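In what follows, a single structure is set out as structure tokens and then discussed.
Every heavy atom of this structure was used, including side-chain atoms; hydrogens, water molecules and symmetry mates were not. Quantities reported herein were computed from a predicted structural model and do not represent experimental measurements.
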Amino acid sequence: MQRVSVRDDHELETGDEYALSTAADRTRFTLHNKADGMIAELHGDDAARFLKDYDELKLQYPDWNADKLLAQLWDQGGYGWLAQQEE
């Protein structure tokens with residue numbers, strides 16, 4: 001998997017268990033499962049699908065906190081399968 005610098009990323013969501021950051025143009029996302037020390041770096045088709053899923057959940061459940069929203073994407077959205085151990 002291609003490693004990219006997260007230095008230029010912008011944080012979108014953060015909670016006690018999960019964090020989400022993105023490139024300014026939203027073509028790349030980094031989903032971090034803090035408890036497990038795992039990171040899913042999403043780009044290309046995966047990033048496009050993630051953005052769609054993320055936007056839909058935000059609209060459907062506007063009161064969800066960051067951890068609940070990101071856990072849903074990690075587990076039910078299947079993005080946890082794309083994760084690797086944090087370096």
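Rounded to the nearest 0.5 angstrom, Phe50 CZ and Thr22 OG1 are separated by 8.5 Å. Interatomic distance, CG of Asp46 versus CZ of Arg28, reported as 14.0 Å (0.5 Å rounding). Note that the CG atom of Asn65 and the CD atom of Glu17 stand 9.0 Å from one another [nearest 0.5 Å].
Annotation for Ala66 and Glu13: closest pair CB-OE1, 3.6 Å, computed over non-hydrogen atoms.
Put simply, the side chain of Leu31 reaches to within 4.5 Å of the side chain of Leu70, judged on heavy atoms. Taking 4.5 Å as the limit, some side-chain heavy atom of Thr30 sits within range of a side-chain heavy atom of Asp9. His32 places a side-chain heavy atom less than 4.5 Å from the side chain of Glu86. Here the side chains of His43 and Phe29 are not in contact, with every heavy-atom distance at 4.5 Å or above. Between Lys58 and Leu69 the shortest side-chain heavy-atom distance falls below 4.5 Å.
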key: Step-by-step side-chain contact (heavy atoms from CB on, under 4.5 Å) determination, Gln76 to Leu57   = CA-CA 12 Å; Gln76 304 304 316; Leu57 275 180; over 6 Å; no
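Checked against side-chain contact (heavy atoms from CB on, under 4.5 Å), Asp25 has the following partners two or more places apart in sequence or in another chain: Ala23, Thr27. With sequence neighbours excluded, the residues forming a side-chain hydrogen bond (donor to acceptor under 3.5 Å, both in side chains) with Asp36 are Asn33, listed by chain and number. For Lys68, there are no salt bridge (charged side-chain N to carboxylate O under 4.0 Å, His left out) partners at least two apart in sequence or on another chain.
Checked by atom type and distance alone, the side chain of Gln85 pairs as donor or acceptor with a backbone atom of Gly37 at under 3.5 Å. Panel note: side chain Lys34, backbone Gly15; a donor-acceptor pair is recorded below 3.5 Å.
Judged by distance alone, the side chains of Tyr79 and Asp53 do bring a donor and an acceptor atom under 3.5 Å apart. Side-chain N/O atoms of Gln72 and Tyr61 include no donor and acceptor closer than 3.5 Å.
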